[in-house]
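Read through the structure below, which is laid out as structure tokens, and then see the notes.
For reference, positions follow the sequence shown, starting with 1. Whatever order the structure lists them in is the order used to number ligands and atoms, beginning at 1.
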Amino acid sequence: MPTTPGLGETARAIIADGMGILAADETVSTITKRLTARAIESTADSRRAYRELLFSTPGIAEFIGGVIMQDETIRQDSAEGIPLVDLLAGRGIIPGIKVDAGVRPLAGAPGEFVTEGLDGLRERLEEYRELGARFAKWRAVFTIRDGRPSAPCIHANAHALARYAALCQEQGLVPIVEPEVLMEGAHALERCEDVTGRVLQAVFNELFAARVSLEGMLLKPNMITAGHGSARQASVEEVAEATLRVLTRHVPPAVPGIVFLSGGQDPVLATEHLNAINALEGPKPWTLSFSYGRALQDEALEAWAGRSEQVPAAQRMFHHRAWCDSAAALGTYSEDMEGEAGFARAMEPFSIHGPS
Ligand code: 5MM
């Protein structure tokens with residue numbers, strides 16, 4: 001497998017020293033659902049204001065090494081006319097871009113999906129690189145049901161992920177490879193473990209066949225949990241052990257980092273799970289960090305509520321959760337980092353919004 005100079009350095013820089021990734025790559029349709037659920041009108045300007053709030057949060061560059069944007073955001077300017085991509089880069093945060101075109105029904109596999117977007121991808125990657133992106137992301141989704149995910153669904157998605165990753169590396173961008181086994185369903189943790197293992201094995205077989213340099217990529221998987229609808233939810237310890245077991249069996253040590261998605265977990269629980277994984281004894285040859293969307297944003301979005309006077313409160317929430325997740329990436333998070341005392345400690349190194 002060839003190694004591409006520069007890609008490994010970028011991959012490692014994104015997740016250095018307890019840093020992780022903010023996934024802010026919701027499509028217009030997804031972010032619109034999240035905004036309207038909180039009675040916030042979704043316009044190009046409100047979406048820009050929300051992303052700018054996150055990206056410009058004071059102190060955040062200590063915890064967030066990379067941000068995944070989507071097509072609209074990477075072309076937007078801040079209220080002061082600075083391209084958002086430059087705003088990030090100027091703060092030392094590496095800009096990334098979601099490049100898949102979303103999921104479509106997979107022919108021959110009723111109820112299953114394949115992620116599309118390979119047509120014209122080389123040219124789009126070239127353009128995004130010129131706009132300032134240094135890494136990219138492509139997400140495949142797998143549903144657990146009777147007989148699902150099927151072998152053709154796993155194969156089609158793993159193959160597409162590998163073609164995407166190879167194209168990214170050709171264009172000098174670090175690919176984040178995201179095979180997400182969804183938490184929807186009533187399945188037990190053991191079923192999630194089995195399915196995730198099969199999916200990861202297929203993905204790495206395809207990455208190898210496509211000559212993707214493992215040193216120059218990041219993996220973004222789900223954690224191993226019971227389905228949201230399962231009556232028996234696993235303990236934090238059980239989730240951590242099962243997650244590390246699957247990764248040890250199916251992810252080569254050449255991969256520099258594994259950045260988990262949160263998948264609809266409560267923000268605090270997503271922090272606890274990451275911390276427990278990092279606190280486990282035993283070999284962990286990759287950096288284990290976060291690339292959370294909802295678990296990093298939900299508290300801030302709730303606090304913002306679309307009101308400009310609420311920007312400081314929202315930034316305080318975002319800064320605090322990123323501080324906690326960064327500690328979890330180092331295995332040093334503890335319960336007393338939550339609550340008012342935790343907020344005060346998170347603010348200690350600088351004053352985020354004051355004194356005046
Ligand atoms: C931020 O959400 C991304 C997907 O948005 P679309 O569904 O609109 O494409 C998603 O890919 C995200 O990056 C990951 O799923 C991680 O987000 P969560 O919320 O699971 O941590």
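Judged by the 6.0 Å and 45° rule, R316 forms a cation-pi pair with F343.
Residues L173 and V99 are not in side-chain contact: their nearest non-hydrogen atoms beyond the backbone lie 4.5 Å or more apart. You'll find the side chain of V246 stays beyond 4.5 Å of the side chain of T248, heavy atoms only. Residues T243 and H273 are not in side-chain contact: their nearest non-hydrogen atoms beyond the backbone lie 4.5 Å or more apart.
Heavy atoms from other residues, nucleotides or ligands lying under 6.0 Å from CD of E309 number more than 12. A 6.0 Å sphere centred on CZ of R294 holds more than 12 heavy atoms belonging to other residues, nucleotides or ligands.
Closest to atom 15 (O) of ligand 1, if we only count protein heavy atoms, is E178 OE2, 3.2 Å. Counting protein heavy atoms only, atom 17 (O) of ligand 1 is closest to G293 N, 3.6 Å. Looking from atom 12 (C) of ligand 1 to the surrounding protein, the closest heavy atom is K137 NZ, 3.5 Å.
Each of the following atoms of ligand 1 lies closer than 4.0 Å to a heavy atom of E180: 15 (O). Short contacts between ligand 1 and K220, defined as distances under 4.0 Å to a heavy atom of the residue, involve ligand atoms 12 (C), 13 (O), 14 (C), 16 (C). Using a 4.0 Å cut-off to heavy atoms of A23, the atoms of ligand 1 that qualify are 1 (C), 13 (O). Remark: ligand 1 atoms within the under-4.0 Å shell around heavy atoms of S262 are 18 (P), 19 (O), 20 (O), 21 (O). Every atom of ligand 1 is numbered from 1 in the order shown, and the set under 4.0 Å from a heavy atom of E26 is 1 (C), 2 (O), 5 (O), 8 (O). The distance from ligand 1 to the heavy atoms of T30 drops below 4.0 Å at these ligand atoms: 6 (P), 7 (O), 8 (O). Atom numbering of ligand 1 starts at 1 in the shown order; those under 4.0 Å from a heavy atom of K98 are 4 (C), 5 (O), 6 (P), 9 (O). The distance from ligand 1 to the heavy atoms of Y292 drops below 4.0 Å at these ligand atoms: 21 (O).
Residue D25 places a heavy atom less than 4.0 Å from ligand 1. Residue contact annotation: Q265 has no non-hydrogen atom under 4.0 Å from ligand 1. Residue-ligand proximity: G263 is placed with a non-hydrogen atom under 4.0 Å from ligand 1.
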Open item on the list: Test salt bridge (charged side-chain N to carboxylate O under 4.0 Å, His left out) on R148 and E112; report intermediate values, then the result.
Closed with: CA-CA 8 Å; R148 294 189 214 155; E112 297 193 285; 5.1 Å; no
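Using a 4.0 Å cut-off between heavy atoms, Q70 makes no contact with ligand 1 at all.
The closest side-chain donor-acceptor pair between D45 and T43, if any, does not fall under 3.5 angstrom. Side-chain N/O atoms of R47 and T73 include no donor and acceptor closer than 3.5 Å.
Within the 3.5 Å criterion, the main-chain N or O of E127 finds no donor-acceptor partner in the side chain of E130.
For ligand 1, the polar-atom distance check finds no N/O of G264 at less than 3.5 Å from any of the ligand's N/O atoms.
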